[in-house]
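Down below is the structure, laid out as structure tokens.
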Amino acid sequence: MTSGGCSIVWLRRDLRLEDNPALAAGVRAGAVIALFIWAPEEEGHYYPGRVSRWWLKQSLEHLETSLKSLGTSLITKRSTDSVSSLIEVVKSTGATQLFFNHLYDPISLVRDHRTKELLTAQGIAVRSFNADLLYEPWEVNDDQGRPFTTFSDFWSRCLTMPYDPAAPMLPPKRIISGDVSKCPLDTLTFENESERGSNALLARAWSPGWSSANKTLTNFINGPLIEYSSNRRKADSATTSFLSPHLHFGEVSVRKVFHLVRIKQVLWANEGNSEGEESVNLFLESIGLREYSRYMSFNHPYSHEKPLLGHLKFFPWVIDENYFKAWRQGRTGYPLVDAGMRELWATGWLHDRIRVVVSSFFVKVMQLPWRWGMKYFWDTLLDADLESDALGWQYISGTLPDGREFDRIDNPQLQGYRFDPNGEYVRRWLPELARLPTEWIHHPWNAPESVLQAAGVELGSNYPLPIVGIDAAKARLQEALSAMWQQEASWRASIENGTDEGLGDSTDTDPIAFPEDIQMEEDQEPIRNNPTAQVRRHEDQMVPSMTSSLLRVGDEENSLDHRNSVEDSRGEVPTDLSIGREPRREVFNTLGRLNDTLGLRDTGDSTAESSSSSGRERDGGVVPVWSPSTSSYSEQFGNEENGLGGSSSYLQRSHQMINCRRLSQTG
DNA sequence: TAGTATTTCTC
DNA sequence: AGAAATACT
């Protein structure tokens with residue numbers, strides 16, 4: 001019981017009982033205090049959006065009910081500093097151990113690192129676990145022991161690792177409760193009055209919580225999965241998994257998903273059902289993208305705010321809030337884009353394909369800064385996920401080695417006929433166009449006046465004309481790109497002259513500010529003639545888009561001297577996109593104080609035995625820690641050309657980043 | 001069967 | 001937009 005000192009199990013985005021290694025460790029160790037800390041201010045700009053908070057609230061209630069039935073309760077704390085709250089709970093309960101599962105977003109990396117340092121200093125035994133990924137980011141490396149820089153290489157490696165992802169664990173049968181009599185709990189508030197109203201409809205379409213997540217998974221595997229390969233391209237098919245919000249909050253373990261799906265695949269393979277087999281591959285790929293997003297975030301913690309390809313910092317984004325607003329409101333004049341944006345606003349949901357369409361339009365046609373779009377997704381998506389969304393937007397923006405090309409503009413009209421050939425999707429979300437014949441539904445601006453009249457469409461009045469013509473957009477994009485390269489060239493030249501400092505610094509400290517911390521949400525007309533479209537028939541998908549990564553990492557020592565940056569990494573990047581080099585090292589901070597520099601020394605396969613055994617340690621005997629102080633990232637992976645000179649600024653930069661305060665109080 | 005047109009997809 | 005797979009003749 002409580003006398004020997006109980007354990008705190010700090011729950012975050014792992015709101016489940018099954019296959020929860022931190023919880024299992026706590027239970028094994030004796031009495032447990034299950035703790036959830038709500039400290040949204042720590043997230044800076046990324047204070048969770050309305051629908052995301054709604055989900056979290058339901059999920060926590062569900063979890064608490066489950067915990068109660070197992071014999072304990074959920075302790076909730078409202079905080080602006082998780083670590084202090086943890087210490088407070090430690091003091092008031094006499095806990096001697098802390099367990100939690102890893103997170104990989106930039107803010108958590110820093111916060112969790114700090115947690116370990118401070119709590120360990122207080123004499124608390126801290127252990128952390130992998131509960132969110134098939135493999136930890138540091139387990140997956142190329143033959144040289146460096147992180148992969150493209151998704152496909154990363155993923156094929158994952159699928160051929162010498163050991164399987166850990167098998168999912170069963171939930172505890174009962175939990176002995178620690179003594180919380182002296183530990184006051186806070187009531188958490190996740191929504192205000194007006195939000196409550198807006199959220200009311202969500203419950204008709206979604207059921208947050210781990211048991212519902214399991215049902216969703218089962219339904220998917222026994223239903224739509226087999227046809228995933230053929231159906232996944234329709235804009236509104238109901239053939240996707242709907243798992244993404246569940247996965248975001250860790251209501252279901254991705255390893256369980258993986259195992260169940262693989263079992264199905266083996267079954268189908270034996271029956272010679274190749275469509276089913278292929279479907280599983282494709283579905284797993286979307287799981288893989290989610291994995292990769294964590295991988296990228298871990299290796300490049302700036303990836304949510306900086307393009308991984310350095311020259312992008314010279315791209316002359318169009319700073320136009322009216323464009324931005326038109327996009328948010330679904331009034332760009334391109335039906336497929338507008339339908340998507342209205343669905344997003346009304347439901348918090350978008351098919352993966354449509355996410356690509358609207359974000360590509362945002363970046364390539366409007367040329368608005370991708371971070372604005374990402375922020376809006378963050379604020380409005382039910383499955384908002386920083387890592388996945390950063391990967392998606394970077395992929396779309398062409399700022400990754402294997403991202404889309406810069407100069408490619410997707411034409412929403414063509415995409416419309418592709419993903420929504422009969423215009424049903426557009427008609428559902430744009431009632432003002434509902435009577436337009438399919439022939440014109442995706443390009444009303446070309447329709448004869450008589451047709452428009454018959455359909456009751458008045459362009460420029462009840463439906464807008466295209467906000468930007470595609471041809472004009474192409475021209476503007478060309479200009480922007482040449483301006484970018486020019487800037488980049490002169491920047492490079494200034495570096496060679498040693499006059500870099502100024503420029504280098506100023507440019508990368510200015511991720512274009514968000515429009516006065518947009519009330520992106522409520523400033524819209526809550527129109528939506530489509531309230532009852534709770535018909536969540538739409539599909540889901542893990543994340544918007546994505547892919548890719550960057551960087552080559554050498555081992556710390558080597559990379560500084562030999563591996564003279566650029567050149568070698570350059571090989572696999574399209575032509576002159578320079579990739580940064582980023583020395584990095586994980587520190588394995590073992591509780592028992594084992595080897596603390598098991599970094600990337602041993603590479604992938606066979607040699608990895610020592611690290612693989614420790615890395616795989618299920619009990620968390622070894623706790624890998626992302627160590628900001630020893631890692632540095634090239635600011636925007638583009639400019640390692642400045643050799644050593646640059647590396648000192650990397651360090652500075654990384655120190656800045658470590659400053660939690662800075663991170664967390666931006667917003 | 002070779003050669004060409006068309007569809008599909010980029011993570 | 002361009003490559004690759006597929007379909008057609």
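Note that this is a predicted model, so its numbers are computed, not measured. Computed from heavy atoms alone, side chains included, the values below leave out hydrogens, waters and symmetry copies. Letters go in sequence order (proteins before strands), and every chain restarts at 1.
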Between [X] ([atom1]) and [N] ([atom2]), how many Å, whole number?
X        : N      : atom1 : atom2 : value
A/Glu405 : C/dG2  : CD    : C1'   : 8 Å
A/Gln415 : B/dC9  : CD    : C1'   : 12 Å
A/Leu414 : B/dC9  : CG    : P     : 16 Å
A/Glu278 : B/dC9  : CD    : P     : 11 Å
A/Arg157 : B/dC11 : CZ    : P     : 20 Å
A/His351 : B/dC11 : NE2   : P     : 17 Å
A/Leu400 : B/dT10 : CG    : P     : 16 Å
A/Asn281 : B/dC11 : CG    : P     : 16 Å

Any idea which of [options] is nearest the [X] side chain?
X        : options              : result
A/Arg418 : C/dA1, B/dC9, B/dC11 : B/dC9
A/Phe151 : B/dT8, C/dA1, B/dC11 : B/dC11
A/Leu289 : B/dC9, B/dC11, C/dA1 : B/dC11

Would you please indicate yes or no on a ring centroid separation below 6.0 angstrom for A/Phe220 and A/Phe283? yes
In sequence, state the C-alpha distance, the side-chain angles, and the governing distance for A/Arg294 and A/Asp132, and then conclude on salt bridge (Lys or Arg N to Asp or Glu O under 4.0 Å). CA-CA 9 Å; A/Arg294 272 74 179 151; A/Asp132 192 50; 3.2 Å; yes
Pair A/Lys375-A/Asp379, salt bridge (Lys or Arg N to Asp or Glu O under 4.0 Å): steps then yes or no: CA-CA 6 Å; A/Lys375 174 69 158 64; A/Asp379 286 342; 3.0 Å; yes
Check: A/Ile409 main-chain N/O paired with A/Lys474 side-chain donor or acceptor under 3.5 Å: no
